[in-house]
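Taking it in order: structure first as structure tokens, then the write-up.
A, B, ... follow the sequence lines: proteins, then strands. Residue 1 opens every chain. Small disclaimer: the values here were computed from a predicted structure and weren't measured.
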Amino acid sequence: MKYSHKETEAKWQAKWDETKAFAAKNDKSKPKYYALVEFPYPSGAGLHVGHPRPYTALDIVSRKRRMEGYNVLFPMGWDAFGLPTENYAIKNKIHPRLVTENNVKRFKGQLKALGLSFDWDREINTTDEKYYKWTQWIFLQLFKKGLAYKKEMTVNWCPSCKVVLANEEVVGGCCERCNTTVVRKAKSQWMLKITEYADRLIDDLETVDYIERVKLAEKNWIGRSYGAEVNFDTSRGDKLKVFTTRPDTLYGATYMVIAPEHPYIEKWQDSLTNYDEILAYREAAAKKSDFERTEMAKEKTGVRLEGVSAINPMTGKEIPIFVSDYVLITYGTGAIMAVPAHDDRDWDFAKVFGLPIIEVVAGGNVTEAAFTDVETGKMVNSGILDGLEVKEAKEKIIEYLTEKGIGEKKVNYKLRDWVFSRQRYWGEPIPLVYCEKCGWQPIDEKELPLTLPNVDSYEPTDNGESPLANMTDWVNTTCPKCGGSAKRETDTMPQWAGSSWYFLRYCDPYNEEEFASKEALEYWMPVDWYNGGMEHATLHLLYSRFWAKALYDLGYLRDPEPYLKRTSHGMILGEDGEKMSKSRGNVVNPDDVINEFGADTMRLYEMFIGDFEKSAPWSTNSVKGCRRFLDRFAALSDKIVDKASPAVEKSLHKTIMKVTSDIEAMKFNTAIAAMMTLLNDIHDAGGADRETLKTFALLLCPFAPHLAEEMWESLGGKGLASLAEWPKFDESKAKDDSVTVAVSVLGKFQGTVTVPVGADEATVFAEAIKLEKVIARTEGKEIFKKIYIQDKMLNILCK
RNA sequence: GCGGAUGUGAUGGAAUUGGCAGACAUGCUGGUCUUAGAAACCAGUGCUUCGGCUUGCAGGUUCAAGUCCUGUCAUCCGCACCA
């Protein structure tokens, strides 16, 4: 059989489409399997060779599941709201909807060319009104549940995009999208209370099968830490509250620090003799971006509050209070007790300001550096805690503080609430109106979707309002509660909104009454296997788990976790080993590869390139190797013999075993290597029988489906290979009858002997002692021990 | 600084529980075919002074270490004053 990838691919893609071979049926008699890949943002650049890697991997899993008899849901859609489209639209004066349409068309064509077995009948698009109706609806449920609130806050502001960015969108102090340095700006924003779910987002990780690094990334991002809140009396007669994870070191607190934005600065104004100096420091801190602020981390700065001091509750000593930007207003209480002997930052600060460093945990040398070890030290200079270990001291002091009413146990998180407002056009309108009398009111759910009006210009206004703010017709409305005049919210939702629940919509994509029917959700959810980028572990993954939990709490979902299993793929790098980028000029275009070598080769190579979880550089030469394999496979149809040799039969069963288990373990590269070995074996044997080749075609089908179908058909296979039964192996046929056993003398390898499988030590030894090298090594020596691992090795010890 | 990962031939990478390091592929060398090239096919391919030596480096545990332990170096990624 001559292999022409263009013909073969066109033929089978058409056939799959016609027969709707991969449509997920609502057939509840079969066990379901929901495989999910992250839906792409349809950018103008088209598909990138990085995209097909995760898609092909889960396509392989999905195809195998279908062949194993599962009812498989493997859907695809478009996460199409977002900044690049809007920026492109502004620049080229095209409506973002049109830009999106074109990009989707391009992406879809490219994905189809890869022969991915998506159920295109369930395609969704986050910018579709019928879709974002439900994004808005879910937002309203969150609002009604008290999970959305408006807050005046300093936000990350990108002066170029003129948009507020979430912390997660700020990379190295710069806008994730345009790389402009981000500044801080006060703005009233809609926030979602993801922090209310912090504990559950951590604790429920125990119930799911995520790869460890994803769990760790989420845990670190949420950053839960246990400690205590302690109230310090001040000379003003009020109390200054701090959070600390080291209450055990309380005796060593020799000063306190508050954040520049701390409200007590105003409160204490009349007592502060250097108020102007403090205000000047605050202003200087506010001008710095977060990035500059951390850049300055090496040098500690600050100003002492003259006129107010605090009392260490354990020592009774008066201690000074400082304002310094190394304390953040957004974490804990915005104030700390400083223990320079046992905290690096406090130590640095104390050195700059000549503050006392009092050791309270023995074990280090606090004149040299802070001693922060919590495992080995013993408490000293600590009154009631003396002699205790750190852990014991922590418990005892918290008990004491609680009893005296000075403090209490407290848990804190690094996770912040989610800034949910964007001053942009191309996003879901937030379905709320503001009434002078009634405050913020949700619009009537019957009015959903609240659609994006057409505007003349998509550019944000200079004062940072969304372009929608200029649409007075749209903005002015009536209050759903009192009927009086009211104004719509003109901010839109962030790109993360649509992707926070899309996996639910796939279950029932055309439902106009609900975001998905309970029935569909209960059949398909949760997602059985979700693969996606590592970069989403702390963003999309966390957000969508949060929404799923909120919907669960509201009774819309049966399970509190949306994904049973989460895996992550490595990046595909350029041939030079660097990240692919236009500026480096090392981008490989998938269209070219498909055109020259075919989709099957592309798929195979993407999987053969290396360990799925690790990044790997592209190599055009290696692509050829995959094509060569397919050519040689196709040529097998000319090498049909009546009966396969025993060697081929054994190789076949070994390969079925290997491919079957490797797919489950995401070891696609070794699965392919196993099939290459089978091909070599058949080749060496001069061919194989029809049934062996048919089985081979089925094994290859998830990886290179077009050629596999062609082969299957030419060998007389019935129906589609893609829907045939997954091959079974016979373990007894995969077993070897004889095995080579390695022989060592004193741990050094000397040679091998071939013995029947399961041979005992005496048999192996009898053969081994005939080896020349073994004779030379053991001659005239006393053999005092033999170590034999059945079927593997024999080690002879002599002296 | 903290957290995570990775170091194996010329290259991408294989190698359950410690048990023949280098599967599979690329590249390279030689050959067959061809006027020639490409393709295809066949043979070879870690290094070696032929004793041996080899999984970043240095130790250790073990009959046996790429794999376990200690230390160290390098690279990549993420977070970044989170008290």
If you measure from the [atom1] atom in [N] to the same atom in [M], how many Å do you get, rounded?
N      : M      : atom1 : value
B:rC69 : B:rU62 : C1'   : 12 Å
B:rU17 : B:rA5  : C1'   : 24 Å
B:rU16 : B:rC63 : P     : 24 Å
B:rA80 : B:rC2  : C1'   : 8 Å
B:rG27 : B:rG18 : P     : 37 Å

Just checking [X]: base, sugar-phosphate only, or nothing, at a heavy-atom cut-off of under 4.0 Å?
X      : value
A:K785 : nothing
A:N412 : nothing
A:S744 : nothing
A:Y413 : nothing
A:T330 : nothing
A:I609 : sugar-phosphate
A:I787 : base
A:T245 : sugar-phosphate
A:K667 : sugar-phosphate

Aromatic contact, A:Y255 with A:F353 (centres under 6.0 Å): no
Centroid-centroid distance, A:F696 to A:F633, less than 6.0 Å: yes
Side-chain-base donor-acceptor pair under 3.5 Å for A:K300 and B:rC81: yes
Pair of N/O donor and acceptor under 3.5 Å linking B:rU17 base with A:K792 side chain: yes
Rounded interatomic separation in angstrom, taking [atom1] from [X] and [atom2] from [N]:
X      : N      : atom1 : atom2 : value
A:E606 : B:rG13 : CD    : P     : 14 Å
A:E613 : B:rG13 : CD    : P     : 14 Å
A:R213 : B:rC79 : CZ    : P     : 15 Å
A:D611 : B:rC76 : CG    : P     : 20 Å
A:E261 : B:rC81 : CD    : C1'   : 13 Å
A:K786 : B:rC63 : NZ    : P     : 18 Å
A:Q750 : B:rG51 : CD    : C1'   : 13 Å
A:K614 : B:rA5  : NZ    : P     : 11 Å

Carboxylate-amine/guanidinium proximity below 4.0 Å for A:K239 and A:E229: no
Return no unless some side-chain N or O of [X] is found under 4.0 Å from OP1 or OP2 of [N].
X      : N      : value
A:N220 : B:rG3  : no
A:R628 : B:rA40 : yes
A:K414 : B:rA80 : no
A:K748 : B:rC53 : yes
A:R632 : B:rC41 : yes
A:N680 : B:rA25 : yes
A:H683 : B:rC42 : yes

Within the supplied structure, the quantity of interest is the number of heavy atoms (other residues, nucleotides, ligands) at a distance under 6.0 Å from [X] [atom1]; does it exceed 12?
X      : atom1 : result
A:K639 : NZ    : yes
A:E395 : CD    : no
A:K219 : NZ    : yes

Toward the 5' end of RNA chain B, by each residue's nearest nucleotide, A:A742 or A:A673: A:A742
Most 5' of A:P617 and A:K579 on RNA chain B, judged by nearest nucleotide: A:P617
[X] side-chain proximity, nearest of [options]:
X      : options                : answer
A:T670 : B:rC79, B:rA83, B:rA15 : B:rA15
A:T244 : B:rG52, B:rC24, B:rA83 : B:rA83
A:A616 : B:rA64, B:rG13, B:rC24 : B:rG13

Results of ring pair (Phe, Tyr, Trp, His ring centres under 6.0 Å) for A:F608 - residues two or more places apart only: none
Syn/anti state for B:rG51 [syn: chi within 90° of 0]: syn
Torsion-based syn/anti label for B:rG60, 90° from 0 as limit: anti
Pairs where residues 568-579 of chain A contributes a residue and the test salt bridge (Lys or Arg N to Asp or Glu O under 4.0 Å) is met, not counting sequence neighbours: A:E578-A:R584
NZ or CZ of A:K300 within 45° of A:Y326 ring axis and under 6.0 Å: yes
Ring-face cation of A:K624 near A:F597 (centre distance under 6.0 Å, axis angle within 45°): no
Consecutive-pair stems (3 or more, Watson-Crick or G-U, under 3.5 Å) for RNA chain B: B:1-7 with B:73-79, B:10-12 with B:24-26, B:27-32 with B:40-45, B:56-60 with B:68-72
